[in-house]
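The structure appears below as structure tokens.
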Amino acid sequence: MVSELKLTFSNGTLLPAYKVILTFFFCLFSYQLSANEQAAQSEITFYTEVYPPANYYENNELKGITVDTLKAIWRELQQPEQFINIVPWARGYRNTLDNPNTALFTMSRTPPREKLFKWVGPIFNSTHVIMTKKSNHFKFSKLSELFDYKVAAVRGDISEISLSKIGFPDQNIAKVTELKLAYKMMETGRVDMLVATIHGFQHLAQQLNFDHTRYENVWQVNKFANYIAFNRETPESIITKYQAALDKISEEHLKIKQKYKLAIEEY
């Protein structure tokens, strides 16, 4: 019989040649998998909208609770910061739903959306309320009483979806691209009310420098946790890494929410 070919290592260990070759290809395959995962992780296209204090521009800088948290996640993962596309909510939602290697924030994790995306979070909570001018003297004892009035909501956002879910007549919902436009419509009398999160309206008052005490919450619509939503085809390993990084930066995450003066009930 022909003796089996063996290779001798510097420490004197003898291994059959086929084992050495198999080990080599296993290591090469593992390296390729890692490289592919790193590439997928760095090639994700991120989308967001202008909706303070979660994500918005200030002095030509993109910032906000979720923006800062995502940057902290990238630092924890030892990844460079990636470009974030600012688009209307409806476009970002559609792109992330339809295209692999995409992610959208900040998205409320609701039952109808649960299986449409993969999730990293929660980042913070959102309490959606219907706001109006105190001078309107609106008093509602039941939900149906609101349906005779016009309300502005961000198109495709959870605020609009929430109104529809509670039965608000579609013809009385003015759909806009951002919260600032909803506020302007209410100020000029084109609508009677707007729907927003508690933190969103508070931050809008700071941004536009108006007195938020002139307005009041006349109805709480719902409360949801907010996440970064990834396309369903995103590898589970990437979701796990992002979630683990978020969990590790919990102290920094808390400081970010405090920095943006998030209402305590929405932590």
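Within the 4.5 Å cutoff, no side-chain heavy atoms of Y56 are placed close to those of V67. Using a 4.5 Å heavy-atom threshold, the side chains of P52 and Q207 count as touching. Contact annotation: the side chain of I228 approaches that of T66 to within less than 4.5 Å [non-hydrogen atoms, C-beta and beyond]. Contact of the M131 side chain with the E216 side chain is not registered, since no non-hydrogen atoms from C-beta on lie closer than 4.5 Å. Side-chain contact check for R113 versus S108: some heavy-atom pair is nearer than 4.5 Å. No side-chain heavy atom of T177 sits less than 4.5 Å from a side-chain heavy atom of R155.
A chain of hydrophobic side-chain contacts below 4.5 Å, direct or via other Ile, Leu, Val, Met, Phe, Trp or Tyr residues, connects Y215 to V176. Under the 4.5 Å side-chain heavy-atom criterion for Ile, Leu, Val, Met, Phe, Trp and Tyr, L62 and I44 are members of the same hydrophobic cluster. L116 and Y47 fall within a single hydrophobic cluster, where Ile, Leu, Val, Met, Phe, Trp and Tyr side chains are chained together by heavy-atom contacts under 4.5 Å. Cluster membership check: W74 shares its hydrophobic cluster with I123, using side-chain heavy-atom separations under 4.5 Å among Ile, Leu, Val, Met, Phe, Trp and Tyr. Residues I84 and V120 share a single hydrophobic cluster, defined by chaining ILVMFWY side chains whose heavy atoms lie under 4.5 Å apart.
Note that the OH atom of Y183 and the CZ atom of F210 stand 4.5 Å from one another [nearest 0.5 Å]. To the nearest 0.5 Å, the span separating CD1 on I256 from CD1 on I249 amounts to 6.0 Å. Atoms NZ and CZ, from K71 and R75 in turn, are 8.5 Å apart once rounded to the nearest 0.5 Å. In this structure, L262 CG and H203 NE2 are separated by 11.0 Å, a value rounded to the nearest 0.5 Å. Interatomic distance, K248 NZ to I73 CD1, rounded to the nearest 0.5 Å: 12.0 Å. From Y149, atom OH reaches atom CD1 of I130 across 12.0 Å, with rounding to the nearest 0.5 Å.
Side-chain atoms of D68 and Y260 form a donor-acceptor pair, as typed in the model, at a separation below 3.5 Å.
Panel note: side chain Q243, backbone G121; a donor-acceptor pair is recorded below 3.5 Å. N217 places no side-chain N or O within 3.5 Å of a backbone atom of V129 that could act as its donor or acceptor partner. Not one N or O on the side chain of N59 forms a donor-acceptor pair closer than 3.5 Å with the backbone of E61. At distances below 3.5 Å, not a single donor-acceptor pair connects side-chain atoms of N55 with backbone N or O atoms of T48. Checked by atom type and distance alone, the side chain of K150 pairs as donor or acceptor with a backbone atom of Q171 at under 3.5 Å. Although no hydrogens or angles enter the test, the distance criterion places a donor-acceptor pair under 3.5 Å between the side chain of E145 and the main chain of S141. At distances below 3.5 Å, at least one donor-acceptor pair connects side-chain atoms of N85 with backbone N or O atoms of F46. Put simply, the side chain of K133 gets close to the backbone of E187: a donor and an acceptor are under 3.5 Å apart. The closest donor-acceptor contact from the side chain of T197 to the backbone of T127 lies at 3.5 Å or more, if one exists at all.
Heavy atoms from other residues, nucleotides or ligands lying under 6.0 Å from CD of E251 number 12 at most. Around atom NZ of K134, more than 12 heavy atoms belonging to other residues, nucleotides or ligands sit under 6.0 Å away. Counting heavy-atom neighbours within 6.0 Å of Q78 CD, excluding the residue itself, gives a total of 12 or less.
Separation of the F140 and F138 ring centroids falls under the 6.0 Å cut-off.
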Derivation of the side-chain contact (heavy atoms from CB on, under 4.5 Å) call for N172 and V151
CA-CA 6 Å; N172 283 346; V151 61; 5.8 Å; no
Determine, stepwise, if the pair T106 / N226 fulfils side chain to side chain donor-acceptor pair (under 3.5 Å).
CA-CA 6 Å; T106 308; N226 293 314; over 6 Å; no
Check the pair D192, M186 against side-chain contact (heavy atoms from CB on, under 4.5 Å), reporting the backbone distance first and the verdict last.
CA-CA 6 Å; D192 305 295; M186 185 173 67; over 6 Å; no
Could you walk me through whether N101 and F230 pass the side-chain contact (heavy atoms from CB on, under 4.5 Å) test, one step at a time?
CA-CA 8 Å; N101 302 320; F230 289 75; over 6 Å; no
Does the pair E178 and E49 meet the rule for a side-chain contact (heavy atoms from CB on, under 4.5 Å), with working shown?
CA-CA 8 Å; E178 58 178 312; E49 62 172 340; over 6 Å; no
Test S162 against N222 for side chain to side chain donor-acceptor pair (under 3.5 Å), laying out the working first.
CA-CA 8 Å; S162 297; N222 56 33; 2.6 Å; yes
List the steps, then state whether ring pair (Phe, Tyr, Trp, His ring centres under 6.0 Å) holds for F168 with F147.
CA-CA 6 Å; F168 210 99; F147 295 171; 5.3 Å; yes
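Side-chain heavy-atom separations under 4.5 angstrom define the hydrophobic clusters, and the remaining members of the one that includes I161 are I158, F224.
Shown here are the side chain to side chain donor-acceptor pair (under 3.5 Å) partners of K175, two or more places apart in sequence or in another chain: E160, D170.
Under the 4.0 Å criterion applied to side-chain N and carboxylate O atoms, K118 and E236 are assigned as salt-bridge partners.
A ring pair (Phe, Tyr, Trp, His ring centres under 6.0 Å) check over residues 104-127, counting only residues at least two apart or in different chains, returns the pairs Y93-F117, F117-W119, W119-Y227, F124-H199.
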